[in-house]
Amino acid sequence: MSATLSYNYCFYDSTVPRNNKNLTAKRAAKLKLDEDSVFVTNPRISKSLRRHRNPSKNLPASTGPPQDFSLARALRYYVDSGNMENAVCVFERMNHSDPYCWNVLIRGFTDNGLFREAIGFYRRMESEGVRADKFTPTIVIKACGGSLSFCEGQKVHGNLFKVGLDLDVCVCNSLISMYSKLGYIEYAVRVFEEMPIRDQVSWNSMISGYAAVGDGWNSLVCFLDMQALGMKPDRFSIISALNACSVECFVRCGMEVHCQVLKFGFELDVMVQTSLLDMYNKCGHMDYAERLFDKINPKNTVAWNAMIGGYVLNEQPCKSFACFRKMLEEDNVNPDAITMINLLPSCAQLGALLGGKSIHAYAIRKGFLPHVVLETALVDLYGSCGKPKMAERIFGEMAEKSVITWNAMIAANVQNELNMEAMELFQDLLNKPLKPDAITIASILPAYSEVAPLREGKQIHGYIIKSQHHSNTYVLNSTVFMYAKCGELGTAQEIFDRILFKDVSSWNTIIMAYAIHGFGRKSIELFYEMRDRGIKPNGSTFVSLLTSCSISGMVKQGWEFYHSMKRDYIIDPGIEHYGCILDLLGRTGNLEQAKNFIERMPLEPTARIWGSLLTASRNNKSIEFAELAAEHILSFEHDNTGCYVLLSNLYAEAGRWEDEERIKSLMKNKGLRKTIGCSLVETKGKPYRFINQDRSQIETNTIYNVLDIFSSKMGDAKYVHSVTKFRPQDLLKKRANSPENHSVRLAICFGLISMKIGNPVIVRKNTRMCKDCHSAAKKISEITNREIIVGDSKVFHHFRNGNCTCSDYW
DNA sequence: ATAGGGTTAG
């Protein structure tokens, strides 16, 4: 025994030269291969000749039972229990010349998701000159499929071709599966078409392969073709066909497959049941899914996960939590990483940071981390809950990242207005081997919608047109919104019209585009058009609609939509909906009611919720409520600079200078600085940026002259708001920071003198427009008889004939 | 003694 051990350890130690026996074997194998390759690579030798060769003639005869049964048993035991460390230990003590132990070990790695290691051991097997037997290729191909390494798979395929094993039915079936897992469906199709004999597994591999690449249609075609040849579907075919129905949202097809489930007697098969309920969930038929779920007995973790995921998918986050709680009450079921992954988006939907954090903690306690998908879901959660720093931390500490992880991080930055960070991240990604996908582009686009020049947005649009994503609905939806945010509502509408396959998000986007521009009636019109075209609205549709009603001051309609959402569409209001409702309440000026609404809300109020009350307080000049709201907002770790500024302005307007001073010094102590207000106007494709009191532009003199003319024309009205806003001593000084010289006004004047008459002047600014500038813009539109559009950080104000689309509430 | 196709996920 000890002799065997020391002998085997020689292999492990790379400093010890390998014995000649193996080298000879390797050379012999190579010679054999060369001989074969002459045969098979000769194009004149027909395909049929190759087909009729007996593939197994190249395989070594069985070496018989291994010398040590107990070691082989131990190896199998460790492999089956997932203890690969011990499995390797046992393996190292075995005689390596038998392919059997290699096969078991490589399969073990594959079954435990350690694909790289599986391929590594296969390479070692080759280099040690151990000849593969008929089981090895299928095992290795599976590992290649799992590791998503196309190169490795091609190499193996090539070798199999050389030894004539590429026509073996098992090998072909695993090749089909490997290629479709890698996304190369056309390779899978070729293998399928060229194989001499197809069995049920071959058909099943194609059905699942098409579904895996998102081609549910062809998957179902295969499902039917197979039956036309007289083969009955088995549980594998059924499960894959159901997957195809989910992919295409073909609920009627799904029901037909459901009938077959009953006909062929699979109705008690848990996997089939789970696939069925998943199909109904994904097609939006929660009622059927719930009924099926009730019948599953006993329910395993996967079934629970599918149901929790279904509620999340159908935007019923409260129900998904309820389902999770029921799952915890069960004795024999334990939540796993996928449970967490399914549950996390419901926290994001509810804006429930605390819930998300407790899931995070639970995942840590249960040892689910590290886990790429779970960590990505966490990045997404923290991003959605206004915690980009937390998202960043998880992202930074991740051992493994996928494109989806990058997408989540970019989105986290964009959602939290960290546009520069998002753009930098996008640049970083371009230098990585990972390829940006449609979702990356759609996520980065909003960063270009803020105060980046339209020219840059157009450049990205150009990149999209040239890329393979030019007709991707998801990408186009983001492009529509980008143009809307850049003030080009017409271009947005044009691109929307040209989207070939408009999904619910396309409609939500265009409704929101008109919403932020203050065209409430147009938004509602589009909502009805969408409904008439059979598109089912979701939670976001109502966010768009409610936003539209609040911006356009359509309070009554807003409430009607809110009730209809719950009653007619069974959608639980999320934190966003509550925010919109608060904006509606703010408009009516009933701050007491708004406060009560926040207290009665079933969700934890976020900074955005209190921000809504703060805005309402400002518009209704209530310092009492503003202080209440501010107190809450300042308790968040959120970037609340805007809140300080609003509050200090409010104190100033009321002449409460001491309080104003207090807030200013609070800001100073916290190291917060007022965001530098900046306005952007573009003419002839060139961007011009203005800050307050800007004198850096070439046209400065003209701009200030025009401004003076307007000031005199506006007459006394100009100081109505501002007179109380400045301390007496400040009024004596040269009014340095007077709203008269605010960046928006400079930009408007520049726009008026440099743009063609008839074109609207479009100005975008990074902070909210102040009251003074708002009334000035109204006047200017009246005096000049031109349309002025100012997009601030929240809404677009369309000034025409002395009026604004926001009806003076924003 | 060992192989190929299957459920839930960002």
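Chain naming here is simple, since letters A, B, ... match the order of the sequence lines and numbering starts at 1 in each.
The listed nucleotides are B:dG10, B:dT8, B:dT2; the one nearest the side chain of A:F135 is B:dT2. With B:dG10, B:dG5, B:dT7 as the candidates, the nucleotide lying closest to the side chain of A:Q200 is B:dG5. Which of B:dA3, B:dT7, B:dG5 sits closest to the side chain of A:S275 comes down to B:dT7. Comparing B:dA3, B:dT7, B:dT2 by their nearest atom to the side chain of A:N103 picks out B:dT2. Across B:dG10, B:dA1, B:dG5, the shortest atom-to-atom separation from the side chain of A:Y100 is found for B:dA1. With B:dT8, B:dG10, B:dG5 as the choices, the nucleotide that has an atom nearest any side-chain atom of A:A306 turns out to be B:dT8. Distance from the side chain of A:T376 is smallest to B:dG10 among B:dG10, B:dT8, B:dT2. Side-chain atoms of A:I341 lie closest to B:dG10 of the nucleotides B:dA1, B:dT7, B:dG10. The nucleotide whose nearest atom lies closest to any side-chain atom of A:V302 is, among B:dT8, B:dG5, B:dG10, B:dT8. Closest to the A:S208 side chain, of the nucleotides B:dA9, B:dG5, B:dA1, is B:dG5.
One interatomic measurement links the two molecules: CZ of A:R198 to P of B:dG5, which rounds to 18 Å at whole-angstrom precision. Rounded to an integer number of Å, the gap from CZ of A:F266 to C1' of B:dT7 is 14 Å.
In summary, the side chains of A:S81 and A:N83 do not present any donor paired with an acceptor at a separation below 3.5 Å, with no hydrogens or angles considered. Neither side chain, A:H469 nor A:Y474, offers a donor N or O lying under 3.5 Å from an acceptor on the other. A donor atom on one side chain and an acceptor atom on the other are found under 3.5 Å apart for A:T405 and A:S402.
Contacts of A:T136 with the nucleic acid, taken as non-hydrogen atoms under 4.0 Å apart, are absent. Heavy atoms of A:S174 sit under 4.0 angstrom from primed sugar atoms or phosphate atoms, though from no base atom. Among the atoms of the strands shown, base atoms are found under 4.0 Å from some heavy atom of A:V372. Within 4.0 Å (heavy atoms only), A:N407 reaches no atom of the nucleic acid at all. Counting non-hydrogen atoms under 4.0 angstrom, A:R107 reaches the backbone sugars and phosphates but no base. Note on A:N342: only backbone sugar-phosphate atoms sit closer than 4.0 angstrom, heavy atoms only; bases stay farther off. Contact annotation for A:D199: base contact, defined as any heavy-atom pair under 4.0 Å involving a base atom. At a threshold of 4.0 angstrom between heavy atoms, the contacts of A:S202 with the nucleic acid are absent.
A close approach under 4.0 Å does occur between a side-chain nitrogen or oxygen of A:K282 and OP1 or OP2 of B:dA9. Applying the 4.0 Å criterion to OP1 and OP2 of B:dG5, one finds that A:K142 has a side-chain N or O inside that range.
Ion pair A:E152/A:R116 not flagged as a salt bridge, since none of the NZ, NE, NH1 or NH2 atoms sits closer than 4.0 Å to an Asp/Glu carboxylate oxygen. The pair A:E330-A:K326 does not meet the salt-bridge criterion, since no charged nitrogen lies less than 4.0 angstrom from a carboxylate oxygen.
Taking a centre distance below 5.5 Å and an interplanar angle below 30 degrees as the stacking criterion, A:F236 stacks against the six-membered base ring of B:dG5.
Cation-pi contact between A:K401 and A:F395: present, with separation from the ring centre below 6.0 Å and deviation from the ring axis of at most 45°.
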